[in-house]
J.: 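Encoded as structure tokens, here's the structure I'll be asking about.
We use all heavy atoms of the structure for the numbers below, so side chains are in, but hydrogens, waters and symmetry mates are not.
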Amino acid sequence: MQSQAKKPRRTAERILEVTLELFNRFGEPNVSTTLISAELGISPGNLYYHYPAKDELINALFDRYERGLNDLLGAADNVRNVEDAWLFFHMLFELIWQYRFLYRDLNDLLSKNRRLETHFQFVLKNKSRAVQIVLDGLARGQTMRIDRREAEPVATSMVVVLTYWLSYEYVRDPRKALEPDSAAAALSRGAYHVLSLLMPYLEPAAREHLFQIAGAYQKPDSAPA
């Protein structure tokens, strides 16, 4: 009886894993529930038993993303230097990459899904709050100096880059940008360009250290401009 009770849960998890893979590969608008069930080798009825509508699949994946994001944002309290900040933003980009279909098709998803439309407001607010905490931590750690009046617009700019970086990567190279082989370079470029917004405020040693960190992660042909 115990194994029978667990079986539907395993099927539901498998459906989400395959759906995430297909959404990331082809984009959510291009993936139908028929394609998902065919990829899984199950009947459409079995899929509908677990997720009666495509929006329920999207919402379940978004819930996973949001939980992971909230866990990561808590690490903002520990940022005191450039290396901490690099790791923090790189980890955020890794999570965004894992659920990149959300960002690739963000505007389309928000226009069709009321739950995402409302919940993504909280995602932005939580990101903004975490970035402000990062800036405060860097200032307390004497890594940078920034006027409080400048901190808020800088934090907002960082959130914008964080949120739309993968869209920019996709526009640059639609055929390859969101493929797994492109992940490492895309994530490193994103982390660097988010942190580059702090360049005017970083202490000289911290600025040089950021160049060194970015250089270690970048390939010669994709070095920061």
J.: Could you give the distance from OG (S182) to CZ (R175), rounded to the nearest 0.5 Å?
T.: 13.5 Å
J.: So how far is it from H193 NE2 to S157 OG, rounded to the nearest 0.5 Å?
T.: 14.5 Å
J.: Which atom pair, heavy atoms only, marks the closest approach of F101 to N24?
T.: N-OD1, 2.9 Å
J.: Between F26 and L16, is there shared hydrophobic-cluster membership here, with clusters defined by ILVMFWY side-chain heavy atoms closer than 4.5 Å?
T.: yes
J.: Shortest non-hydrogen contact from L187 to F93?
T.: CD2-O, 3.4 Å
J.: Between CG of L72 and CD of E94, what distance do you get to the nearest 0.5 Å?
T.: 9.0 Å
J.: Evaluate the side-chain proximity of I15 to N46: yes if any heavy-atom separation is below 4.5 Å, no if none is.
T.: no
J.: Using the six-membered ring wherever Trp is involved, compare the ring planes of Y192 and F211 and label them parallel, tilted or perpendicular (cut-offs 30° and 60°).
T.: tilted
J.: Any side-chain heavy atom of L135 within less than 4.5 Å of one from M158?
T.: yes
J.: Within the 4.5 Å heavy-atom criterion, are W97 and L178 side-chain neighbours or not?
T.: yes
J.: Enter the distance from L110:CG to Q121:CD here, rounded to the nearest 0.5 Å.
T.: 8.0 Å
J.: Would you say Y51's side chain and A60's backbone share a donor-acceptor pair under 3.5 angstrom?
T.: no
J.: Could you tell me which non-hydrogen atom of L47 sits nearest to which non-hydrogen atom of T33, and how far apart they are?
T.: CD2-O, 3.4 Å
J.: Taking the side chain as everything from C-beta on, heavy atoms only, tell me whether R80 gets closer than 4.5 Å to T143.
T.: no
J.: Do V82 and M199 sit in one hydrophobic cluster, given that two such residues count as connected whenever their side-chain heavy atoms are within less than 4.5 Å of each other, even indirectly?
T.: yes
J.: Return the orientation label for the F120 and Y65 ring planes: parallel under 30°, perpendicular over 60°, tilted otherwise.
T.: parallel
J.: Would you mind reporting whether V194 and V159 have side-chain heavy atoms less than 4.5 Å apart?
T.: no
J.: Which heavy atom of N107 sits nearest to which heavy atom of Y164, and what is that distance?
T.: OD1-OH, 4.0 Å
J.: In terms of hydrophobic clustering (I, L, V, M, F, W, Y; side-chain heavy atoms under 4.5 Å; direct or indirect links), are V160 and W165 co-clustered?
T.: yes
J.: Which heavy atom in A76 sits nearest to a heavy atom in V134, and how many Å separate them?
T.: CB-CG2, 3.9 Å
J.: To the nearest 0.5 Å, what is the distance between CZ on R14 and OG1 on T19?
T.: 10.5 Å
J.: Can R100 and D105 be counted as an ion pair, charged N to O under 4.0 angstrom?
T.: no
J.: Hey, is K112 close enough to E117 for a salt bridge, meaning N to O under 4.0 Å?
T.: no
J.: Just jot down the side chain to side chain contact (heavy atoms under 4.5 Å, CB included) partners of D147, sequence neighbours excluded, or say none.
T.: R149, E150
J.: Please step through salt bridge (charged side-chain N to carboxylate O under 4.0 Å, His left out) for the pair D63 and R115, ending with a clear verdict.
T.: CA-CA 10 Å; D63 287 345; R115 188 165 183 275; 2.8 Å; yes
J.: Within a reach of under 6.0 Å around OH of Y48, are more than 12 heavy atoms found that belong to other residues, nucleotides or ligands?
T.: yes
J.: Surrounding CD of Q142 (heavy atoms of other residues, nucleotides or ligands, distance under 6.0 Å), is the total greater than 12?
T.: no
J.: Just wondering, do Y170 and L166 contact through their side chains at under 4.5 Å, heavy atoms?
T.: no
J.: Going by an N to O cut-off under 4.0 Å, is there a salt bridge joining R104 and E28?
T.: no
J.: Using the rule side-chain contact (heavy atoms from CB on, under 4.5 Å), only one of N113, D108, L109 pairs with S111; which is it?
T.: D108
J.: Find out whether R207 and L210 are in side-chain contact, i.e. whether some heavy atom of one side chain is under 4.5 Å from a heavy atom of the other.
T.: no
J.: Which value, rounded to the nearest 0.5 Å, describes the distance between E66 atom CD and N59 atom CG?
T.: 10.5 Å
J.: List the atom of I36, the atom of L57, and the distance in Å for their closest heavy-atom pair.
T.: CD1-CD1, 3.8 Å
J.: Applying the 4.5 Å side-chain criterion to the ILVMFWY set and letting contacts propagate, would L95 and F122 be lumped into a single cluster?
T.: no
J.: Would the number of heavy atoms belonging to other residues, nucleotides or ligands and lying under 6.0 Å from CD of Q132 be above 12?
T.: yes
J.: Would the number of heavy atoms belonging to other residues, nucleotides or ligands and lying under 6.0 Å from CZ of R25 be above 12?
T.: no
J.: When you group the ILVMFWY residues by side-chain heavy-atom contacts below 4.5 Å and let the links chain together, are I133 and V131 in the same group?
T.: no
J.: Is a salt bridge present between R10 and E17, judged by a nitrogen-to-oxygen distance below 4.0 Å?
T.: no
J.: Is there a side chain to side chain contact (heavy atoms under 4.5 Å, CB included) between D181 and K176 once you walk through the steps?
T.: CA-CA 8 Å; D181 289 347; K176 297 180 181 178; over 6 Å; no
J.: Less than 4.5 Å apart, any side-chain heavy atom of I96 and any of L162?
T.: yes
